[in-house]
Amino acid sequence: MKLALWLAVAASILFADEKPMFNGKNLDGWEAIGDGQWTAMADGVLLGQRISDLRKMLVRGGPFTTPAQFKGWVDTQSWLYTRRNDFGEFDLHLEYWTKTTGNSGVSIRDSSRAKWAIVTPPDYTRTPSKIGYEIQINNRYPDPHPSGSIYGFVDAPKDAQHDDDWNAMDISSRNEQITVKLNARVVAEHAGDPQRPKTGPIGLQMHDQFSIVMFRNIRIREIGR
């Protein structure tokens with residue numbers, strides 16, 4: 001009994017400074033960027049999807065006259081960003097799900113707020129992974145970077161994710177290092193680029209026009225606040 005009480009006290013201390021980032025009811029504190037639809041569902045899950053009517057977009061005689069036009073539309077991203085732009089050192093926890101061939105991500109320290117990712121076609125030299133950092137989410141999408149990778153810096157192992165199911169991601173942001181855990185396993189660590197920002201907003205990605213992604217239990221513990 002004493003051990004159980006001690007463990008309960010220890011847990012309460014450990015999570016005492018954690019705060020929810022998504023209230024499970026609406027998008028207070030967040031800003032949708034681009035043409036995605038983000039919905040707070042009745043069970044407290046955050047759902048991201050696109051609203052284009054594919055029956056009209058993909059028919060013969062539709063709006064695309066060249067393959068380049070079609071690809072530019074498909075690749076256009078949408079994001080959900082915190083309204084705050086000053087997250088620096090923190091521990092972020094979230095759980096995610098995306099469909100088979102789904103692609104998403106979590107951005108940190110992106111001072112551009114995805115400005116060049118939501119244009120058609122995206123400017124891949126200035127997307128959030130090039131200005132700040134993107135932690136990859138990938139459910140068998142044809143991209144070489146597995147979930148948990150610090151995009152463009154270090155790749156996570158391929159076997160850390162539960163495909164087609166919910167996964168827990170923990171991102172530790174420190175001035176000297178970024179650490180990613182996937183399902184309680186450390187999968188990526190990197191000191192980061194000294195030329196990139198140390199602070200910025202936090203963002204959730206819908207990668208392309210066929211993306212569907214869900215998040216839940218989004219909470220943060222800020223260091224020194």
Hey, could you give me the [atom1]/[atom2] distance between [X] and [Y], rounded to the nearest 0.5 Å?
X	Y	atom1	atom2	result
Arg84	Glu31	CZ	CD	15.0 Å
Gln205	Asn103	CD	CG	5.5 Å
Thr120	Asp123	OG1	CG	12.0 Å
Ile220	Thr82	CD1	OG1	8.0 Å
Tyr81	Asp110	OH	CG	3.5 Å
Asn138	Asp143	CG	CG	5.5 Å

What's the shortest heavy-atom distance between [X] and [Y], and which atoms?
X	Y	value
Ala188	Gly148	CB-O, 3.4 Å
Gly36	Met206	CA-CE, 3.5 Å
Phe22	Ala40	CZ-CB, 3.7 Å
Trp79	Ala117	NE1-CB, 3.8 Å

If we only count heavy atoms from C-beta on, is the [X] to [Y] side-chain gap below 4.5 Å?
X	Y	answer
Thr125	Lys130	no
Asn217	Trp166	no
Ser147	Leu182	yes
Ser52	Gln209	yes
Gln37	Leu47	no
Trp97	Arg216	no
Phe153	Ile178	no
Tyr141	Gln136	no

With a 6.0 Å cut-off on ring centres, are His190 and Tyr133 close enough?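 Here the rings of Tyr133 and His190 have centres that are no less than 6.0 Å from each other.
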Could Arg174 and Asp91 be called an ion pair, given the rule that one side-chain N must be under 4.0 Å from one carboxylate O?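 Salt bridge flag = yes for Asp91 with Arg174.
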Is a side-chain donor or acceptor of [X] paired with a backbone partner of [Y] at a separation under 3.5 angstrom?
X	Y	value
Asn183	Ala168	yes
Asn139	Lys99	yes
Trp30	Met21	yes

What residues form a side chain to side chain donor-acceptor pair (under 3.5 Å) with Asn26, not counting sequence neighbours?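 Asn26 satisfies side chain to side chain donor-acceptor pair (under 3.5 Å) with Asn23 once adjacent residues are dropped.
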Counting heavy atoms not belonging to Lys181, are there more than 12 under 6.0 Å from its NZ?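 Count not over threshold, so no.
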Evaluate whether atom NZ of Lys198 has more than 12 neighbouring non-hydrogen atoms of other residues, nucleotides or ligands under 6.0 angstrom away.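 Atom NZ in Lys198 is packed in, count exceeds 12.
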Verdict with supporting geometry, Asp170 and Arg221, salt bridge (Lys or Arg N to Asp or Glu O under 4.0 Å): CA-CA 11 Å; Asp170 292 277; Arg221 183 172 70 91; over 6 Å; no
